[in-house]
Undergrad: 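If you scroll down you'll find the structure; I have some questions about it.
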Amino acid sequence: MLFGLTAALLVGGSLFAHLRAQGKPNPVVNRPAAIQQLKPDLYMVAGTGGNVAAYVTSEGVILVDDMYERNYAEIVQQVRTVTQQPIRYVLNTHHHSDHAGGNVGAVADRITVIAHGNVRSNMIRIKQPGVPSITYSQDTKVHLGGKEVRAAFYGRGHTNGDSVILFPAERVIHTGDLFLKRVAPEFTPYFDFGAGGSMLEWVTVMDRMLALDFDTAIPGHGPVSTRADVEKWRADLVALRDRLRTMLKQGASKADLEKVLIADYRWPAGGLALGQLDALVAEIRQ
C-alpha cells in the first residue's frame with residue numbers, strides 16, 4: 001500500500017540528484033522531502049538526496065540513510081508526521097554525502113549511527129563529518145521495540161562499504177546505490193573505484209542480495225520498486241559488463257566506450273562515472 005509521492009515525482013527528484021552527484025552539469029535543486037507509507041510501520045522519505053527508510057517501533061525509530069547534511073531537519077520533520085517516537089538509530093548504506101551527510105545532525109542529536117567498517121574508514125579518509133560510532137565487518141542486527149533490522153555487507157560494488165538493509169518482517173530491503181530505479185534506456189551504475197568500488201564484484205553482491213526474502217525494494221534513488229526491478233538491474237549490469245568486455249577484445253578505444261556509455265546508457269558526459277573509465281577498463285581486462 002503506497003501513499004504520498006507519485007513515481008513521476010520520485011524519478012524526477014531523486015534520480016536528478018543522483019545524476020548530479022555523478023557530475024551532470026546542472027545545478028542541484030533542493031526538492032522538498034515527502035514521506036510515503038510502504039507497510040504498516042515502514043515508510044520512505046524521498047527528496048534531494050538518497051531515499052531514507054523510517055521504521056517505527058514502540059521504542060523509537062530506525063532510519064536507513066539521512067540524505068545531505070542540509071536535509072536532516074526536514075527528514076526529522078517528515079518522520080514527526082507519522083510518529084512522535086524518537087529516532088534512535090541510523091544505519092548507513094554507504095558513505096556518500098547524499099546518503100550519510102545527515103549523520104552530522106544525527107550525531108548532534110545523540111542518535112547512534114551504525115555502518116560497515118569501510119564506511120567509517122572512507123569518511124575519516126576524506127574528512128567527512130558524522131562518522132558512525134558502531135561498525136561491523138560482515139553483518140549486524142538492530143533490535144528495537146520487538147522489531148528487527150538486519151544489515152549485511154556482501155562485497156565490493158558501488159563502493160567497498162555498501163550494505164543491504166533487510167526488514168525481515170516486512171519483506172523489504174533498502175539497497176542504497178547498489179540498485180537504482182531508472183527510466184530506460186538510462187542505466188547509470190556508478191563504480192566509485194576511488195572508494196574501492198568494483199563492477200565485477202557488484203554482480204556477486206546482487207546475487208547475494210537476491211537470495212534474501214523480499215518483495216519490495218527501496219532503491220538508493222527513484223521510486224519504490226519490486227523484486228523484478230532488482231533482478232532486471234542485475235541482468236543489465238551483466239549485459240553492460242559483457243558488452244564492454246567484448247568491445248575491448250575487439251580493439252575498441254576508450255573513446256569508443258565513452259560514446260556507447262553516453263549514447264546507449266545515458267552516462268553524463270564529463271561526469272564522475274566516465275572520469276573513472278580507465279579504472280573500469282582495467283578491471284574488466286583482468
Side-chain angles (χ1 to χ4, degrees), residues 1-5 33-47 49-69 71-95 99-117 119-120 123 129-153 161-176 209 212-220 224:
M1 189 174 187
L2 302 179
F3 302 93
L5 295 178
I35 194 166
Q36 65 179 130
Q37 187 176 25
L38 310 185
K39 299 291 177 80
D41 294 314
L42 182 60
Y43 301 82
M44 185 178 89
V45 182
N51 291 328
V52 174
Y55 199 30
V56 179
T57 82
S58 61
E59 296 178 359
V61 178
I62 302 169
L63 294 185
V64 178
D65 286 347
D66 46 30
M67 297 193 199
Y68 292 104
E69 180 179 351
N71 302 124
Y72 174 74
E74 61 178 343
I75 292 171
V76 174
Q77 184 179 41
Q78 288 299 310
V79 171
R80 289 290 167 264
T81 67
V82 298
T83 181
Q84 292 303 306
Q85 289 288 346
I87 298 171
R88 296 280 302 278
Y89 298 98
V90 173
L91 291 164
N92 290 146
T93 61
H94 62 294
H95 73 284
H99 293 263
N103 287 5
V104 174
V107 170
D109 285 347
R110 300 182 182 275
I111 296 167
T112 301
V113 179
I114 305 170
H116 186 267
V119 172
R120 180 180 170 87
M123 293 178 72
V131 296
S133 58
I134 296 178
T135 62
Y136 52 91
S137 59
Q138 291 299 324
D139 54 58
T140 193
K141 297 178 182 179
V142 175
H143 298 272
L144 187 68
K147 297 181 179 181
E148 176 183 288
V149 179
R150 302 174 188 172
F153 171 73
D162 305 292
S163 287
V164 179
I165 312 300
L166 173 66
F167 303 90
E170 316 297 341
R171 300 187 67 219
V172 175
I173 61 171
H174 191 311
T175 67
M209 184 192 304
L212 298 172
D213 180 21
F214 72 96
D215 57 24
T216 303
I218 300 172
V224 179

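Keep in mind that the numbers below use all heavy atoms, side chains included, and drop hydrogens, waters and symmetry copies. Residue numbers start at 1 and run along the sequence shown.
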Undergrad: For A151 and Y136, which heavy atoms make the closest approach, and how far apart are they?
TA: CB-OH, 3.4 Å
Undergrad: Using modelled atom types and a 3.5 Å cut-off, is there a donor and acceptor pairing between side-chain atoms of H95 and backbone atoms of A115?
TA: no
Undergrad: Given side chains that start at C-beta, do those of S163 and N92 come closer than 4.5 Å, heavy atoms only?
TA: no
Undergrad: With a 4.5 Å limit on heavy-atom distance, are the side chains of D109 and I87 in contact?
TA: no
Undergrad: Taking atom CD of Q85 and atom CG of L144, what is their separation to the nearest 0.5 Å?
TA: 8.5 Å
Undergrad: For N103, is there any backbone N or O sitting under 3.5 Å from a side-chain donor or acceptor partner on D66?
TA: yes
Undergrad: Please examine the side chains of D213 and R171, heavy atoms only from C-beta on, and report whether any two atoms are closer than 4.5 Å.
TA: yes
Undergrad: Taking H116 for the side chain and S137 for the main chain, is one N or O donor matched with an acceptor at less than 3.5 Å?
TA: yes
Undergrad: How close do P219 and N51 get, heavy atom to heavy atom, and via which atoms?
TA: O-ND2, 2.9 Å
Undergrad: CD1/I75 to CG/D65 distance, rounded to the nearest 0.5 angstrom?
TA: 9.0 Å
Undergrad: So does E59 get a backbone contact from the side chain of R88, meaning a donor-acceptor N/O pair under 3.5 Å?
TA: yes
Undergrad: If you define the side chain from C-beta out and look only at heavy atoms, does anything of E170 sit under 4.5 Å from L38?
TA: no
Undergrad: Looking only at atom types and distance, does a side-chain atom of Q37 sit under 3.5 Å from a main-chain N or O of P40, one as donor and one as acceptor?
TA: yes
Undergrad: Taking atom types as modelled, is there a side-chain donor on Y43 or Q78 under 3.5 Å from an acceptor on the other?
TA: no
Undergrad: Could you pull out the closest heavy-atom pair between A106 and V113, with the gap in Å?
TA: CB-CG2, 4.2 Å
Undergrad: Are V119 and T93 close enough that some pair of their side-chain heavy atoms sits under 4.5 Å apart?
TA: no
Undergrad: Is there a donor-acceptor contact under 3.5 Å from the side chain of D162 to the main chain of H94?
TA: no
Undergrad: Just how far is it from atom CZ of R150 to atom CG of L212, taken to the nearest 0.5 Å?
TA: 9.0 Å
Undergrad: Donor-acceptor pair, K147 side chain versus S58 backbone, under 3.5 Å?
TA: no
Undergrad: Can you find a heavy atom in the side chain of H174 that is under 4.5 Å from one in the side chain of L91?
TA: no
Undergrad: If you measure from NE2 on H143 to CD1 on I62, what distance do you get to the nearest 0.5 Å?
TA: 9.5 Å
Undergrad: Which value, rounded to the nearest 0.5 Å, describes the distance between I134 atom CD1 and T140 atom OG1?
TA: 8.0 Å
Undergrad: With a 4.5 Å heavy-atom cut-off, do M67 and V52 have their side chains touching?
TA: yes
Undergrad: Quick check on side chain to side chain contact (heavy atoms under 4.5 Å, CB included): which of F167, Y89, Y55 does V64 satisfy it with?
TA: F167
Undergrad: Under 3.5 Å, is there a donor-acceptor pair between the side chain of R120 and the main chain of P132?
TA: yes
Undergrad: Which atoms form the tightest heavy-atom contact between V107 and G130, and what is the distance?
TA: CG2-CA, 4.2 Å
Undergrad: Hey, are the side chains of L63 and V79 touching, using non-hydrogen atoms and a 4.5 Å cut-off?
TA: yes
